[in-house]
Q: 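Quick one: structure below, then a few questions.
Residue numbers begin at 1 in each chain, while the letters A, B, ... track the order of the sequences. It should be emphasised that the depicted structure is a prediction, and the values quoted were computed from it without experimental measurement. Hydrogens, waters and symmetry mates play no part in the numbers below; they use all other heavy atoms, side chains included.
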There are 2 protein chains.
Amino acid sequence: MASRTNTFSGQYQYSIDSKGRINVPAKFRQSLSPDSDDTFVITRGLDPCLWIYPLEEWERIEDNLRNLSFLRPKERQFIRQIVRWATPAKYDKQGRITIPSTLLEIADLQDNAIIIGYLNKIEVWNPDNLESEAAEVDFSDEEYESLATQNQIRL
Amino acid sequence: MASRTNTFSGQYQYSIDSKGRINVPAKFRQSLSPDSDDTFVITRGLDPCLWIYPLEEWERIEDNLRNLSFLRPKERQFIRQIVRWATPAKYDKQGRITIPSTLLEIADLQDNAIIIGYLNKIEVWNPDNLESEAAEVDFSDEEYESLATQNQIRL
DNA sequence: TATAATTGTGGGTAATAGTGGGTAATTGTC
DNA sequence: GACAATTACCCACTATTACCCACAATTATA
């Protein structure tokens, strides 16, 4: 059974300085790299944001990718699209991380960012993009009701 | 259990100079030749790119090839197709490698290249070719969703 | 409420990473 | 053996990153 130690939630806003550094919420630091060597993995999210995984969580994903066959073009491509954005990183003495410029562009990050705890990972959003994504959602929609029901989500 | 020391990920862009030299990402150098003699193996990829293996990883592949029978024409051919592109190489004092002209042509490499960490190896791509390959991928595609589901890849 | 500890932000400097080119050594060819 | 072509080795320069220190703001503690 999966342990519940590394679960993230909550939302925080931080500035991104001229060197591409952003603070990690103090509450997340322990869960993000429990093994005290301060390492974790930043990568591209499926939505227009970044995802940050604890190292062991990312290794779990990599292990599954290794089971795919390198002989099938589709599977090679699938692996590549996931792995090529993943960058191991550490925080500095102040608990900040430096986000690679490639990833800054991809997530459209400039001066500020919103950090969201998202169960097994952390999300980093451009505040505007997060808002517009949220605006698309309509929770009165039947689609959402059925999603909740099917998955027995009783709020 | 396989060790996790030699796992590659992330994407970097570098120039290829007039001598066919290209830089190896500093983050990869240690994993690429842990035994401090700076040796590794460059070869042709199955996609239109080059693959670079740590020496021991390549030796593992060679060991498997040795188990094939030299008596069967098909197997002789199979071995030949894999082995004949593999070139041992070292980096220079600055951490660059000189790519043989044959392999430069095969991977269609000119002025710039993108280097991708790909689990047990490194890929070297012509930026344009990589982009067109990537354009084929759509993670909302049913094919990819089923790939992820079947292999229990939970991002 | 005062004080101490932690958290978040900014910036300077040293070290490392990346790029280009010259020259010597090696290789292959005639 | 002489020559050209290629490769290996060395040095120099620039850009980027890592590391360090300082300080304000917030939170915890007495």
Q: Kindly give the cluster partners of B:Val83, where membership spreads through any ILVMFWY side chain lying under 4.5 Å from a current member.
A: A:Leu71, B:Val41, B:Leu46, B:Trp51, B:Tyr53, B:Leu55, B:Trp58, B:Ile61, B:Leu65, B:Leu68, B:Phe70, B:Phe78, B:Ile79, B:Ile82

Q: Supply the atom-to-atom distance B:Glu143 CD to A:Lys74 NZ, rounded to the nearest 0.5 angstrom.
A: 4.0 Å

Q: Between P on C:dG8 and CZ on A:Phe28, what's the gap in Å once rounded to a whole number?
A: 11 Å

Q: Rounding to an integer number of Å, can you tell me how far B:Ile22 CD1 sits from C:dG20 P?
A: 11 Å

Q: Tell me which nucleotide among D:dC20, C:dT19, D:dA18 gets nearest to the side chain of B:Asn23.
A: C:dT19

Q: With the 4.5 Å side-chain cut-off for hydrophobic clustering, are B:Leu155 and B:Leu119 part of the same group?
A: yes

Q: Quick check for you: among D:dA18, C:dG8, D:dA8, whose closest atom lies nearest to any side-chain atom of B:Thr98?
A: D:dA8

Q: Under 4.5 Å between side-chain heavy atoms, counting indirect links through other Ile/Leu/Val/Met/Phe/Trp/Tyr residues: same cluster for B:Tyr118 and B:Ile114 or not?
A: no

Q: I want to confirm an ordering. Mapping A:Ile16 and B:Tyr12 to their closest nucleotides on DNA chain C, which one lands closer to the 5' end?
A: A:Ile16

Q: Rounded off to whole Å, could you give me the CG-to-C1' distance for the B:Asp17 and D:dC13 pair?
A: 15 Å

Q: Roughly how many Å is it from OH in A:Tyr91 to P in C:dT9, rounded to a whole number?
A: 16 Å

Q: Write down the distance between CZ (B:Arg96) and P (C:dA17), rounded to a whole number of angstrom.
A: 14 Å

Q: Within this structure, what is the NZ-to-C1' distance between A:Lys19 and D:dT16, rounded to whole angstrom?
A: 11 Å

Q: Kindly point out which of D:dC19, C:dG8, C:dT23 is positioned nearest to the side chain of A:Tyr14?
A: C:dG8

Q: Any side-chain N or O of B:Ser15 under 4.0 Å from OP1/OP2 of C:dG20?
A: yes

Q: Under a 3.5 Å threshold, yes or no: a donor from one side chain and an acceptor from the other, between A:Thr102 and B:Gln11?
A: no

Q: When the distance from CD1 of B:Ile97 to P of D:dC9 is rounded to whole Å, what number comes out?
A: 15 Å

Q: How do B:Arg21 and B:Lys27 order along DNA chain D: which one's closest nucleotide is nearer the 5' end?
A: B:Arg21

Q: Of the options C:dG22, C:dT19, D:dC20, whose atoms approach the side-chain atoms of A:Lys93 most closely?
A: D:dC20

Q: Are B:Arg29 and C:dG18 close enough that a side-chain N or O sits under 4.0 Å from OP1 or OP2?
A: yes

Q: Just the rounded figure in Å: distance from C1' of D:dT16 to CD1 of A:Ile99.
A: 17 Å

